[in-house]
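Each remark here refers to the structure printed beneath this line.
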2 protein chains.
Amino acid sequence: MQARPSQAREKLLTSALSVIRAKGFSATSVDELCANAGVTKGAFFHHFTSKEALGVAAADYWSEFTGALFAAAPYHDLADPLDRVLAYIDFRRQLLAGELPDYTCLVGTMVQETYLTAPQIRDACHASIEGHALTLVPDIQAAMDARGMRDAGWTAESLALHTQVVLQGAFVLAKARDSVSVAIDSINHLKRYVTLLFSHPVEKAA
Amino acid sequence: MQARPSQAREKLLTSALSVIRAKGFSATSVDELCANAGVTKGAFFHHFTSKEALGVAAADYWSEFTGALFAAAPYHDLADPLDRVLAYIDFRRQLLAGELPDYTCLVGTMVQETYLTAPQIRDACHASIEGHALTLVPDIQAAMDARGMRDAGWTAESLALHTQVVLQGAFVLAKARDSVSVAIDSINHLKRYVTLLFSHPVEKAA
DNA sequence: GACTACATACCGACCAGTTGGTATGTAATT
DNA sequence: AATTACATACCAACTGGTCGGTATGTAGTC
């Protein structure tokens, strides 16, 4: 389909994932990205019309990457929907290995810098987070239905988003403390919350 | 005590709070900061040795600002420690008014960009978050002690940090969605969690 | 209270290096 | 020959930061 298969684009996107997660989007220069990827500036602007366009493409690339990662994860194999949700949380905790830039979230980092100045990047980050969160909704809803939780005062979607809130916040505090332990603690709190939600008798919404 | 009271420094710090929260630290230039504050570049570098030094000063300024805000907040007046913790969460939810840059956290935004490249800023951000979280520990601990919760499997400090995790994460998702509602939902989940933690019979740690 | 000595607060022109982006060329594939 | 995928050279604007200078104060001395 192409004269030469595009290697530069892939290399630039791969570099973008690591460099932007380490330094942030604004502080990452096009030159630095090119150097890290081992390509020239001409190649960069051949594949991306602007730095902002690369940001959008990087967020999309991140969505594909994480989509494949979680689709192949083992937590889907469990029979009970609540077990799957809890195993998802365990899986997220297991992912916290290596150095900070290796396990933090690209789109969570980018959206903080760009939500006002680059709406297209913000939208791509939003789609990435939202898309991932929505994969949890069917299991949460099934667990609620199995227990006849109708008027719980919260929705499956809001709990799915809350898991992402905890994870994003955990990354922020992990960066501030330069330590993963606070993130692990918070994920444990999250798992305890979900367990309590489904073990407690249903309370009437206020 | 001084020849002329330094107006430029104060104006620069005030500007820094709003501009950095809107655009991020890296994307905020010294020139822009000066223009926003109505001072010259000479004044900037008279008061701050570098842009990074301003970042540190802004984080410290933020700590003072928020310290005064929460010290004067009404949730301290309640008699029961658990009520104080829950009222703190309510207070945080009430603060989510106005536009996004008005209620988001300066140090949470800054630390994401600087945790690897500017350790001094990271440390100042860390101190700000940590210092605030620690103000919650005595009330949480008192609530635990009142219920004889010894081996709960979590500590007062970890729960205090978890509240900050939820808040920071809520800001991230609010920016991504350009909507405050997801933040409110997550704070409600947090309050529900704390309520459940203290209403549930103590479980043995695994 | 006038003079000296000095400190602080601020100004704005200027600098070298970097920024995102462009214009033009070339080599391989179809 | 046309298209794609790069490479090289280059640019105007902007970056953080410097520097000489000025205006305005305070403190001590006489």
Side-chain angles (χ1 to χ4, degrees), chain A residues 1-17 19-20 22-59 61 109-110 113-114 116-122 124, chain B residues 1-17 19-20 22-59 61 109-110 113-114 116-122 124:
Chain A
M1 201 194 297
Q2 289 163 333
R4 254 180 299 173
S6 165
Q7 318 165 45
R9 187 186 148 89
E10 200 84 0
K11 283 196 282 187
L12 281 167
L13 287 173
T14 305
S15 292
L17 295 198
V19 179
I20 294 176
K23 309 187 54 177
F25 180 74
S26 300
T28 299
S29 72
V30 174
D31 280 338
E32 189 181 357
L33 228 37
C34 292
N36 187 283
V39 305
T40 61
K41 220 165 178 175
F44 183 100
F45 284 100
H46 173 71
H47 290 288
F48 307 103
T49 60
S50 65
K51 188 191 173 189
E52 181 172 350
L54 169 106
V56 173
Y61 193 70
T109 302
M110 271 207 297
E113 299 180 67
T114 58
L116 272 183
T117 50
Q120 299 190 14
I121 296 181
R122 184 202 61 207
Chain B
M1 204 194 292
Q2 288 165 333
R4 252 180 301 174
S6 165
Q7 318 165 45
R9 189 186 147 90
E10 201 84 0
K11 283 196 281 185
L12 281 167
L13 287 173
T14 305
S15 292
L17 295 198
V19 178
I20 294 176
K23 308 187 54 175
F25 180 75
S26 300
T28 299
S29 73
V30 174
D31 279 338
E32 188 180 359
L33 228 37
C34 293
N36 187 284
V39 305
T40 61
K41 220 165 180 176
F44 183 101
F45 285 100
H46 172 71
H47 290 288
F48 308 103
T49 59
S50 65
K51 189 192 171 187
E52 181 172 349
L54 169 106
V56 174
Y61 193 69
T109 301
M110 271 207 297
E113 299 179 69
T114 58
L116 272 182
T117 50
Q120 298 190 12
I121 296 181
R122 184 203 59 205

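All of these numbers come straight from a predicted model, not from anything done at the bench. Every chain is numbered from 1, with letters handed out A, B, ... down the list of sequences. Heavy-atom basis, side chains included; hydrogens, waters and symmetry copies ignored.
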Using the 3.5 Å cut-off, write out each protein N or O paired with an N or O of nucleotides 14-16 of chain D and the distance between them.
from: dG16(D); atom 1: OP1; to: Lys51(B); atom 2: NZ; distance (Å): 3.3
from: dG16(D); atom 1: OP2; to: Val30(B); atom 2: N; distance (Å): 2.9
from: dG16(D); atom 1: N7; to: Lys41(B); atom 2: NZ; distance (Å): 2.8
from: dG16(D); atom 1: O6; to: Lys41(B); atom 2: NZ; distance (Å): 3.4

Which heavy atom in Ala57(A) sits nearest to a heavy atom in Phe48(A), and how many Å separate them? CB-CE2, 3.7 Å

Whole-Å distance separating the CZ atom of Phe48(A) from the C1' atom of dT4(D): 16 Å

Given atom CZ of Arg9(A) and atom P of dT4(D), what is their separation to the nearest angstrom? 15 Å

Nearest whole angstrom, please: distance from the C1' of dA5(D) to the CZ of Phe44(A). 16 Å

Is the phosphate of dC11(C), meaning OP1 or OP2, less than 4.0 Å from a side-chain N or O of His46(B)? no

Can you identify which nucleotide, out of dC6(D), dC10(C), dC11(C), has its nearest atom closest to the Val39(B) side chain? dC11(C)

Residues in side-chain contact (heavy atoms from CB on, under 4.5 Å) with Ala43(B), at least two apart? Ala8(B), Val39(B), Thr40(B)

Quick note, side-chain hydrogen bond (donor to acceptor under 3.5 Å, both in side chains) partners involving residues 24-35 of chain A, not counting sequence neighbours, are Lys23(A)-Glu32(A), Ser26(A)-Glu113(A), Asp31(A)-Lys41(A)

In whole Å, I'd like the distance from the CD atom of Glu10(A) to the P atom of dT4(D). 19 Å

Using side-chain contact (heavy atoms from CB on, under 4.5 Å) as the criterion, list what pairs up with Ala59(A), not counting sequence neighbours. Val107(A), Met110(A), Ala124(A), Cys125(A)

So the side-chain hydrogen bond (donor to acceptor under 3.5 Å, both in side chains) pairs with at least one residue in residues 42-59 of chain B (sequence neighbours excluded) are Ser6(B)-His47(B)

In short, salt bridge (Lys or Arg N to Asp or Glu O under 4.0 Å) pairs touching residues 6-17 of chain B with sequence neighbours left out are none

Expressed in angstrom and rounded to an integer, what is the separation of Leu12(A) atom CG from dG20(C) atom C1'? 15 Å

I want to verify a distance call: between dC11(C), dA7(D), dC6(D), whose nearest atom is closest to the Thr40(B) side chain? dC11(C)

